[in-house]
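Within every chain, numbering begins at 1; the chains are lettered A, B, ... in the order of the sequence lines, protein sequences first and strands thereafter. This structure is a prediction, so every number in the text was calculated from the model and none was measured.
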There are 2 protein chains.
Amino acid sequence: MDETGNPGPEIRLPRRATVKDVARLAGVSAGTVSNALSGKRRVDDATRGRIEAAIAELGYIPNIAARGVRTGRANTIALFSSMPTAVAAGPSKLGFMMEIAASAAMTALNRNVALVLVPPIAGPAEALRNVSFDGALLVEPAEDDPFLALLSSRAIPTVVIGEPPVAAGRHVELHYGATARLLVRHMLETGARAFPLMLGQSRRQSHAAFERVYLEEMAAAGLAPRVIRVDETGGEAAAAGAIRAELAAAPGLDGVLVPVDALATGVMAGLRAAGRRVPQDVRVATRYDGIRARTETPPLTAVDLHLDRVSEIATEALLDLIEGAPPAEIPLPPLPLLVPRASTLATPAEG
Amino acid sequence: MDETGNPGPEIRLPRRATVKDVARLAGVSAGTVSNALSGKRRVDDATRGRIEAAIAELGYIPNIAARGVRTGRANTIALFSSMPTAVAAGPSKLGFMMEIAASAAMTALNRNVALVLVPPIAGPAEALRNVSFDGALLVEPAEDDPFLALLSSRAIPTVVIGEPPVAAGRHVELHYGATARLLVRHMLETGARAFPLMLGQSRRQSHAAFERVYLEEMAAAGLAPRVIRVDETGGEAAAAGAIRAELAAAPGLDGVLVPVDALATGVMAGLRAAGRRVPQDVRVATRYDGIRARTETPPLTAVDLHLDRVSEIATEALLDLIEGAPPAEIPLPPLPLLVPRASTLATPAEG
DNA sequence: CTTCTACAGTAAAACGTTTTAGCGAGCCCT
DNA sequence: AGGGCTCGCTAAAACGTTTTACTGTAGAAG
């Protein structure tokens, strides 16, 4: 790992070694050095040996920016978080995004590509002006997502995580329908009979899928459905208010399905304030098994979406797309897995 | 946000507009466009107006790589995670790193700089070959950290988060001593009298600080100290084994202080296996208030390190350093805050 | 009426790579 | 022996910026 102490290597180079320095030392031209490095054209073994020796001696590291100018590639992909800032800033979305980010960064670096994080801080145009990237991962865009609009208008290779709102390019399935069915059926199995579905107001595919599946399953079970829409930007307080209003209107309520975890936290607060016990009086379940679900009291039943695998698949697909690989089917991630927790589990004594 | 429908804007440009295109359209030279954009030299107001009109019309976006070649700046900073892979891969370190990443990404983009994530996947040299950046954030490096060695040998501007092992450049204080004191005193206050300190074996400043403060405080309290070192790469299993051995040797043990949260999880498992109740028989506390601490049963007393603020300070300092701002004192982040949880709280009935 | 300076602009060099076009040597095939 | 190939290499162009060195104009100062 460290150099065997050759004499005086701590002389500061006045400037970083370039491909020309390597070429001179190896007695070849710059083009040959480039070819030796990239493997794009054959280089004689003896020559390659001299080049590698020169590289080692000079500690040469290619200038990525210069390479990018010539090749037009940045060797970088961007992860956009497109959620409304109010939600994105909180620890909930942070967890979701960051689980994806960590896995994507690993996968990307394995293929010699760096991952840059683009927070939802400035407008999408602002972001383009400051970072350069060959493609983008976009997490669960809403229907009018400005990032999605920008990316597709600029024809930037993009892979969406989750179902895209418009028939965009490529996406990785997040199994919205299966996730919804898993949760609705679990509510039914735990004995809930009068449980509304609480959704955000933004136009998202996951909301639509939840609503569709919920209505289907309730109809099949012969139960009366009830869908509550809450303004996500209102955060937990809005959800708490909404559930209290609902309790007043429907005192027999015995469960709530709240896919958005930030809203679920609000619902829990609202239930506590109304003196309802979870799970004895009301069962609660949410979608993303993140820090919010796990640290509620009691912890919330949720779903393992296999985000690490989803993110890996998305990253691989994006890199293939960028490299112009023949378009292949994007593999399906594993099916979602229910993680039952105390918020829906009947107490042992009840059995 | 969207263009007012001027006719036929959906024509695909054969190539991205360049500064020359803008210059031609505005009737000036490329240099003038550059000056107008950067503000480095004065440009007549009328001229600037024409340039801005041209930019808008062409949808011009500067090529960051090309700019980088000329200026030598990448407008990017890197976040290195240097932890041993075994630990880094788990969700625990992930949380720690990702809390920092999210906050750093926001701060950086506010100053028109992108943040790239460098996972500990390849060697540090490998990383340098694939991403270009102007400076680096390094999180809690160990004494022989290869990233730290590389960064300082290459004279890359670096800000360390936490106390650096060698007198490196600049760092943001993580208040190791204060954190340790907070925890040791809390253990004492909750009535623990025979509680060992369990540390990893890697040479880290935070370990050293914990050991020093622990020994001090135990001496002051007239109690017998006991420090256990566990190989971190052994993960939770190693910690579980270590605590069981300790219980056998010292049955009177009534607490454990385990700064590394992955080890704390192992200790909890070990205690459960040995039939000891937490907190009634044994009190347990850890350092980082992440997902591990919060989701243990019972949840672990931990410390709020204000990572978001720490990360913000570090990022600002790094950017100042890169931009050659006059070296100013790096502000201190807020003092750590104890988050007492059930793992050390006496049951109400006990009072 | 000069001379000096400030101003606002231009042309071209420079940054470090990759890629293109071309070249000479050796070999194989007739 | 000569034509055509392949091989391994070189020189130079190209990528899109920023920066340098310069130029002409206009006004101020003497």
Side-chain angles (χ1 to χ4, degrees), chain A residues 13-52 54-55 58-76 112 128-134 323, chain B residues 13-52 54-55 58-76 112 128-134 323:
Chain A
L13 288 178
R15 59 180 177 81
R16 245 171 78 168
T18 76
V19 77
K20 284 184 188 168
D21 300 322
V22 174
R24 197 175 312 125
L25 186 56
V28 294
S29 76
T32 302
V33 173
S34 174
N35 286 328
L37 245 52
S38 68
K40 282 207 170 54
R41 294 181 52 164
R42 274 213 56 78
V43 171
D44 191 80
D45 282 349
T47 314
R48 155 169 282 120
R50 293 205 312 281
I51 291 175
E52 278 166 2
I55 287 178
L58 296 175
Y60 167 71
I61 293 181
N63 179 322
I64 317 252
R67 173 180 298 167
V69 171
R70 190 58 240 235
T71 63
R73 294 253 325 249
N75 268 50
T76 295
N112 295 348
L128 266 198
R129 214 177 303 282
N130 292 318
V131 315
S132 70
F133 49 89
D134 305 315
E323 286 165 10
Chain B
L13 289 178
R15 58 181 177 80
R16 244 169 79 167
T18 76
V19 77
K20 283 183 188 168
D21 300 322
V22 174
R24 197 174 313 124
L25 185 56
V28 296
S29 76
T32 301
V33 173
S34 175
N35 286 328
L37 245 52
S38 68
K40 282 205 169 53
R41 294 182 48 165
R42 273 215 58 79
V43 171
D44 191 82
D45 282 348
T47 314
R48 155 169 282 121
R50 293 205 313 281
I51 291 175
E52 278 166 3
I55 287 178
L58 296 176
Y60 167 71
I61 293 181
N63 179 320
I64 316 253
R67 173 180 298 167
V69 171
R70 188 60 239 228
T71 61
R73 293 256 323 251
N75 267 48
T76 295
N112 296 349
L128 265 197
R129 214 176 305 281
N130 293 318
V131 314
S132 71
F133 49 88
D134 305 316
E323 286 165 10

Between B:Arg15 and B:Asp21 (salt bridge meaning N to carboxylate O under 4.0 Å), is one present in this structure?
yes
4.5 Å side-chain heavy-atom contact, B:Leu58 and B:Val22:
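The answer is yes; the side chains approach within 4.5 Å.
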Heavy-atom side-chain proximity of A:Ile61 to A:Ile55 below 4.5 angstrom:
no
Whole-Å distance between [N] [atom2] and [X] [atom1]?
{"X": "A:Asn75", "N": "C:dT18", "atom1": "CG", "atom2": "P", "result": "11 Å"}
{"X": "A:Arg24", "N": "C:dT17", "atom1": "CZ", "atom2": "C1'", "result": "15 Å"}
{"X": "B:Arg15", "N": "D:dG16", "atom1": "CZ", "atom2": "P", "result": "7 Å"}
{"X": "A:Arg67", "N": "C:dT17", "atom1": "CZ", "atom2": "P", "result": "8 Å"}
{"X": "A:Arg73", "N": "D:dA14", "atom1": "CZ", "atom2": "C1'", "result": "19 Å"}
{"X": "A:Asp21", "N": "C:dC15", "atom1": "CG", "atom2": "C1'", "result": "13 Å"}
{"X": "B:Arg41", "N": "D:dT17", "atom1": "CZ", "atom2": "P", "result": "19 Å"}
{"X": "A:Asn63", "N": "C:dT17", "atom1": "CG", "atom2": "P", "result": "5 Å"}

Can you tell which of [options] lies closest to the side chain of [X]?
{"X": "A:Val28", "options": "D:dT10, D:dT19, D:dG8", "result": "D:dT10"}
{"X": "B:Ser29", "options": "D:dT10, D:dT17, C:dT10", "result": "C:dT10"}
{"X": "B:Ala66", "options": "D:dT18, C:dG9, D:dT17", "result": "D:dT17"}
{"X": "A:Val69", "options": "C:dT17, D:dC15, D:dT19", "result": "D:dC15"}
{"X": "A:Asn35", "options": "C:dT19, C:dT17, D:dT18", "result": "C:dT19"}

When you measure from the side-chain N and O atoms of B:Arg42 to the phosphate of C:dC7, is any distance below 4.0 Å, counting only OP1 and OP2?
no
C:dC15 OP1/OP2 closer than 4.0 Å to side-chain N/O of A:Thr18:
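Checking C:dC15 against A:Thr18, no side-chain N or O comes under 4.0 Å of OP1 or OP2.
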Strictly distance-based, threshold 3.5 Å: is any side-chain N or O of [X] a donor or acceptor partner for the main-chain N or O of [Y]?
{"X": "A:Arg16", "Y": "A:Pro62", "value": "yes"}
{"X": "B:Asp134", "Y": "B:Asn75", "value": "yes"}
{"X": "A:Arg48", "Y": "A:Ala36", "value": "yes"}
{"X": "A:Arg50", "Y": "A:Ala26", "value": "yes"}

Residue met sooner reading DNA chain C from 5', once A:Ser38 and B:Arg50 are mapped to nucleotides:
B:Arg50
Could you tell me whether B:Thr32 contacts a base, only the sugar-phosphate backbone, or nothing, with contacts defined as non-hydrogen atoms closer than 4.0 Å?
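Answer is base: heavy atoms of B:Thr32 come under 4.0 Å of a base.
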Under 4.0 Å, counting only non-hydrogen atoms across every strand here, what does B:Ser34 touch: a base, just sugar-phosphate, or nothing?
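Base: the residue B:Ser34, judged by heavy atoms under 4.0 Å, touches a nucleobase.
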List the atom of A:Ala17, the atom of A:Tyr60, and the distance in Å for their closest heavy-atom pair.
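Taking every non-hydrogen atom into account, O-CD1, 3.3 Å.
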Enumerate the protein-to-nucleotides 26-28 of chain D contacts in which both atoms are nitrogen or oxygen and the separation is below 3.5 Å.
none

Is A:Arg70 side chain donor-acceptor paired with the D:dA14 base, going by distance under 3.5 Å alone?
yes
